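Quantities reported herein were computed from a predicted structural model and do not represent experimental measurements.
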Amino acid sequence: MKKLLLLFAAAVMLALPAVAQSAKQKGYVVVTDYVKANGKKDVSDIIQKIIDDNPNRTIYFPDGVYMISKPICTPADPSKSVSLELSNYATIKAMEDWAHDEAMVRLGGKDPFNNIYIPGSNYYLAGGIIDGSGVAKGISIDSGRETVIRNTSIKSVSLGIHVKHGANSGSSDADIHSVNIVGNKSPKSVGVLVEGHDNTFTNMRIAGCHIGFVIRTGANALRNIHPLYTNGNENYESSIGFLDERFDNYYDFCYSDEFATAFQITGGRSLYSNCFAYWYSKRGEKHTAFRTTGTFSADVINLNVGFGEHNATKENRILEVAQFGGHGVFMNLHVGNENLVTTNAHLPYMH
């Protein structure tokens, strides 16, 4: 009997695609053992049960389409947590009648916890495609600490990633990298919303959003982030590449591409190093590299600003301030087509 069982198990493994075999050999729970990835029916309840029944396991999604009608929640409690790993062409897709304000995938969305010392506290979502069908929000980090999102495409969403208020006195300590986001092109669409402190964002591309990045907390690091404005001309004047509503954040090689305002900041102090603000279209009547809602107190080093030759805007500004004063600096500023700059508000801060 034992020999027959072994032969049967070997036959099952041979019948599986090579990638699924590899996932099983690693000990992953393979979702297609429980549902068909054909995009024909709602599988959200089954996926939630798989998560709930397999604590401290990696849940693997082979290529295919997994339709969901409600958010999927992973536990933040280390004794119950799971990681979600999607194959390159595995798509978790919101049904067109989606009626939830919460994101499609809520990491730490149940069993909240605040501990990094218990095994199971580090969990992630990796790979695949999260498709909001033009109506849903993509991924949120609701609880836990040191959550990872990596190598993922988030498409047709009203909000790509939402890092909520962190478990550790406001610190979420998330690590998000190599993620592409395409919004639904609505006037309220946002690529990333950050409400927890102490996060790192690296190597991200954002399109189809009215505002690329919104940060409401401090001690966040952004490196090689590229929001590109691809929406229409309607409401263009209020579009923003990076909207920082606090201070004490670090930006390196961040590139605002075609937004009316590249960087909008408060009067607080943050560091902007090797950043870019470029325009090459005829949208709108004003293009602004830095706008502050208070005094200008940021340190801006090696900023590159380009106002294209075909730019037909009436105003091209390096800096627009709400209040004069502040201790900000522009150091080693490079402006392409400097003759197109229409105001000198930045000159008192040049070093």
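- Side-chain atoms of Tyr251 and Asp244 form a donor-acceptor pair, as typed in the model, at a separation below 3.5 Å.
- Side-chain contact of Asn249 with Ser270: a donor-acceptor pair under 3.5 Å is absent, judged by distance alone.
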* Would His162 and Glu195 satisfy side chain to side chain donor-acceptor pair (under 3.5 Å), going step by step from the backbone distance to the final call? -> CA-CA 8 Å; His162 185 183; Glu195 295 181 308; 2.6 Å; yes
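- Separation of the Phe213 and Phe201 ring centroids falls under the 6.0 Å cut-off.
- The existence of a salt bridge linking Arg269 and Asp248 is excluded, since no basic side-chain nitrogen approaches an acidic carboxylate oxygen closer than 4.0 Å.
- Lys155 has no carboxylate O lying under 4.0 Å from a charged side-chain N of Asp131, or vice versa, which leaves the two without a salt bridge.
- In this structure, Phe253 has its ring center under 6.0 Å from that of Phe276.
- Both Phe61 and Val105 are part of a single hydrophobic cluster, where members link through side-chain heavy atoms under 4.5 Å apart.
- Salt-bridge check for Glu237 with Lys286: failed, with every basic side-chain N at 4.0 Å or more from each acidic carboxylate O.
- In this structure, OG in Ser81 is found 12.5 Å from CZ in Arg57, a value given to the nearest 0.5 Å.
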* side-chain contact (heavy atoms from CB on, under 4.5 Å) between Asp252 and Tyr250, worked out -> CA-CA 7 Å; Asp252 181 47; Tyr250 175 77; 3.6 Å; yes
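- Between Lys164 and Glu102 there is a salt bridge, since at least one side-chain N of the basic residue sits less than 4.0 Å from a carboxylate O of the acidic one.
- Under the salt bridge (Lys or Arg N to Asp or Glu O under 4.0 Å) criterion, Lys70 pairs with Asp45, not counting sequence neighbours.
- Note that OG1 of Thr147 and CG of Leu125 are 10.5 Å apart. Values are rounded to the nearest 0.5 Å.
- Put simply, OG on Ser186 and CG on Asn231 are 7.5 Å apart, with the number rounded to the nearest 0.5 Å.
- Identified under the salt bridge (charged side-chain N to carboxylate O under 4.0 Å, His left out) test for residues 171-188, with sequence neighbours left out: Arg145-Asp173.
- Atom CG of Leu84 sits about 6.5 Å away from atom CD1 of Ile92, to the nearest 0.5 Å.
- Classified by interplanar angle (parallel below 30°, tilted 30° to 60°, perpendicular above 60°), the ring pair Phe307/Trp279 is parallel.
- With respect to the salt-bridge test (charged N to carboxylate O, under 4.0 angstrom), the residues Lys110 and Asp52 qualify.
- Under a cutoff of 6.0 Å and an axis angle of 45°, Arg150 and Tyr124 form a cation-pi pair.
- Aromatic pair Tyr236/Tyr229: centroids less than 6.0 angstrom apart.
- Separating the CD1 atom in Ile206 from the CG atom in Asp257 is a distance of 12.0 Å, to the nearest 0.5 Å.
- In this structure, a donor-acceptor pair under 3.5 Å is absent between the side chains of Thr292 and Glu320.
- If you look at Phe242 and Phe290, their ring centroids are not closer than 6.0 Å.
- Put simply, Val192 and Leu159 are part of two different groups of oily side chains (I, L, V, M, F, W, Y) that touch within less than 4.5 Å, one to the next.
- Salt bridge present: Arg216 and Glu245 bring a charged side-chain N and a carboxylate O closer than 4.0 Å.
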